[in-house]
Q: 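Can you read through this structure? Questions will come right after.
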Amino acid sequence: MQPFARFERPKRVFSPITLRILAVNMLALGILVIGILYLGEYRRALILSEVSGLEIQGEMFAAALGEGASIKQRELNRNNQLVFSVARQMVARLVQKGTRARLFALDGSLMADSGELILRSADNPIHQNESLIEKGLRLAQEFSSRVIFGEQDLPLYIEPPMQSAKNFPEAGMALDGEYGGMIRETVDGGIMISVAVPVTREGNILGALMLSKGSEDIEAALFDVRLHIFKVFLLSFGVTILLSLYFAGTIARPLRKLSKAAHQLRTGMNQRDEIPDLSNRNDEIGDLSAALRQMTQALWQRMDAIESFAADVSHELKNPLTSLRSAVETVSHINNPDAQKRLMDIIQHDVSRLDRLISDISEASRVDAEMSRAKAEKLDLKAMLSTLVDIRQTQIETDKTTQTEPALVLKADTETSYIVEGMDGRLVQVFQNLIGNALTFSPAGGTIALGLQKNKDTIDIIVDDQGPGIPPGNEEKIFKRFYTERPDSDDFGNHSGLGLAISKQIVETHGGTIIAENRMEDGQIKGARFRVSLPAK
């Protein structure tokens with residue numbers, strides 16, 4: 001038999017359960033934050049708001065330019081035409097700070113420019129001076145927007161050296177009499193919003209006014225939202241960590257405590273160490289603690305029973321061995337044939353007694369192991385007892401030596417079902433032991449009554465004999481191992497005293513009980529009664 005492998009408790013800084021709880025909670029919080037950082041709808045709303053504002057501003061500027069910066073050329077085909085100097089002055093005065101206005105003539109040439117926006121190069125991006133928190137929030141939004149949610153990149157804005165309406169599709173649309181707009185990404189990482197509107201007077205298109213605006217206001221608004229989200233995230237993160245640690249502690253700490261106690265119980269010098277009692281938690285860990293405590297108590301009881309059984313066996317085996325050794329030593333020193341014959345009879349009797357004891361001891365030690373592995377099945381007690389009665393009746397009818405022995409009678413309701421769950425062979429063994437015990441004590445020609453009673457949750461099997469009964473005070477003692485109380489007609493040593501002990505062991509393994517009592521009538525003992533109660537199915 002190979003020895004058990006030694007279980008080494010791993011050295012851990014953090015409990016795996018704690019890490020798993022933290023990971024699950026943080027994953028859920030991270031998904032929430034990524035979803036919030038997307039801010040797609042809010043960002044689109046800001047851009048649309050800027051576009052709408054530029055359109056309104058462009059319409060106002062275009063109307064002012066059409067009225068104040070145009071003249072009518074009566075000599076030349078009577079068309080209206082913008083005055084270059086006046087238009088340039090009006091563009092410079094009307095445009096707001098942060099907005100660039102460009103006026104294109106009908107041929108697409110640039111007539112006026114309010115001034116270039118401050119555009120940084122790729123080496124000097126708009127986010128160069130942002131803090132670490134700002135950069136982290138911006139990168140998180142860009143990652144979630146482009147990588148996770150699949151937003152498409154914007155077209156790149158490049159400042160042409162010689163500007164004309166051909167470089168800007170929206171300006172070309174405005175020269176055709178339509179409103180145009182474009183959103184581009186600049187080389188410095190910002191956004192450029194452009195809106196172009198036609199400049200008209202009396203229904204004639206005089207040019208195209210294109211207003212452009214950077215993303216500073218949008219970035220500032222997005223940063224404010226990101227900052228608020230980050231503050232909420234920090235608060236949620238702290239609360240999540242604390243709650244996760246608390247929740248993990250209520251699980252991992254008691255489990256570690258139970259594991260440590262079980263380890264000490266197995267390897268410690270004090271084998272009676274107990275599992276911590278956590279049953280007051282009223283949860284699954286409390287149930288586990290109670291189950292482990294019950295299991296260890298059952299193991300101690302089993303070990304105590306094995307120790308007691310070994311002591312009882314040792315004591316019972318010593319008696320026939322002592323008698324056998326004395327007889328063997330004596331027989332070699334005497335020459336009287338009659339005395340030698342008597343000693344040989346004693347030796348044979350002691351050998352038979354030892355054989356019977358060893359067989360019964362083996363049977364008793366095998367019951368627990370066999371019943372722990374066997375599978376229970378539904379059994380009909382009425383059919384089982386009827387079979388035993390029929391076997392006994394057949395023996396009486398065929399064997400003349402048993403015709404004066406007590407008969408068996410079964411009393412049971414024919415309409416009632418007596419079904420239990422158990423092992424057929426072991427329950428038959430119990431009833432055979434009880435019937436055999438009753439046959440030993442019942443007088444010749446008497447009757448042994450077997451009865452079945454069905455209660456609410458149990459079925460009682462009653463065995464009544466007509467013998468002398470049980471000595472008062474010994475009703476529980478007769479179930480102890482190696483206890484024998486036999487009539488004078490029985491030869492000493494024919495019984496090991498394990499039959500009733502084994503029967504009680506089998507019944508209790510089935511979840512039942514067995515008791516012994518005397519049948520009383522007018523204050524007189526009329527026989528013994530054994531009552532076996534088994535759970536009904």
Side-chain angles (χ1 to χ4, degrees), residues 38-70 82 87-104 110-120 126-127 134 138 141-142 145 151-159 163 165 167-201 205-228:
Y38 177 43
L39 294 175
E41 293 297 329
Y42 181 69
R43 185 168 177 267
R44 280 191 291 271
L46 290 177
I47 293 175
L48 292 177
S49 176
E50 289 291 340
V51 171
S52 177
L54 284 179
E55 286 181 352
I56 295 173
Q57 187 177 356
E59 290 175 354
M60 295 173 60
F61 288 177
L65 287 171
E67 293 294 330
S70 63
L82 291 174
R88 188 170 185 177
Q89 291 178 0
M90 291 185 67
V91 167
R93 292 179 180 179
L94 291 175
V95 72
Q96 298 179 355
K97 184 180 180 180
T99 303
R100 181 179 182 180
R102 279 169 281 196
L103 181 62
F104 296 97
L110 181 64
M111 293 183 61
D113 191 345
S114 65
E116 295 184 358
L117 292 173
I118 300 177
L119 297 177
R120 297 174 175 84
I126 191 173
H127 307 295
E134 294 173 349
R138 178 178 57 80
Q141 180 191 334
E142 291 178 358
S145 299
E151 278 194 0
Q152 297 181 354
D153 292 335
L154 297 174
L156 184 65
Y157 175 79
I158 299 176
E159 186 81 9
Q163 298 188 31
N167 301 122
F168 305 99
E170 61 271 33
M173 294 175 62
L175 290 176
D176 292 335
E178 299 179 2
Y179 286 78
M182 285 287 291
I183 301 174
R184 300 179 179 86
E185 184 177 1
T186 61
V187 293
D188 63 352
I191 296 175
M192 175 72 71
I193 301 173
S194 299
V195 173
V197 296
V199 179
T200 62
R201 183 174 183 179
I205 299 176
L206 307 180
L209 177 66
M210 188 176 78
L211 300 180
S212 301
K213 189 173 184 179
S215 61
E216 287 80 4
D217 294 341
I218 296 176
E219 293 293 335
L222 285 175
F223 175 74
D224 289 339
V225 175
R226 292 191 200 118
L227 187 59
H228 288 299

Q: Hey, can you pull the donor-acceptor pairs under 3.5 Å for the side chains in residues 169-181, sequence neighbours left out?
A:
{"from": "Glu170", "atom 1": "OE1", "to": "Arg184", "atom 2": "NH2", "distance (Å)": "2.9"}
{"from": "Glu170", "atom 1": "OE2", "to": "Arg184", "atom 2": "NH1", "distance (Å)": "3.0"}
{"from": "Glu170", "atom 1": "OE2", "to": "Arg184", "atom 2": "NH2", "distance (Å)": "3.3"}
{"from": "Tyr179", "atom 1": "OH", "to": "Glu59", "atom 2": "OE2", "distance (Å)": "3.3"}

Q: Would you compute the distance between atom CG of Asp113 and atom CE of Met210 and round it to the nearest 0.5 angstrom?
A: 8.5 Å
Q: Got a sec, which residues hit side-chain contact (heavy atoms from CB on, under 4.5 Å) with Ile158, two or more places apart in sequence or on another chain?
A: Leu156
Q: Kindly write out the residues that satisfy side-chain contact (heavy atoms from CB on, under 4.5 Å) with Ile56, not counting sequence neighbours, or none if the list is empty.
A: Ser52, Met60
Q: If I take atom CD1 from residue Ile47 and atom CD1 from residue Ile183, how far apart are they, to the nearest 0.5 angstrom?
A: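 That separation rounds to 5.0 Å.
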Q: Determine whether Leu54 and Gln57 make a side-chain contact, defined as any pair of heavy atoms from C-beta on separated by less than 4.5 Å.
A: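 Yes, close enough: below the 4.5 Å cut-off.
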Q: If you compare all heavy atoms of Ala101 against all heavy atoms of Leu211, which two are closest, and at what distance to 0.1 Å?
A: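 Looking at all heavy atoms of both residues, the shortest contact is CB-CD2, 3.4 Å.
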Q: With rounding to the nearest 0.5 Å, note down the distance linking CD1 in Ile193 to CG in Leu48.
A: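 Here the interatomic distance stands at 9.0 Å.
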Q: What pair of heavy atoms forms the shortest contact from Ala64 to Met90, and how long is it?
A: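 Heavy atoms only, the tightest pair is O-CE, 3.4 Å.
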Q: Show the nearest heavy-atom pair for residues Val195 and Val51, with the distance to one decimal.
A: CG2-O, 3.9 Å
Q: Mind checking whether Phe168 and Gln163 have side chains closer than 4.5 Å, heavy atoms only?
A: yes
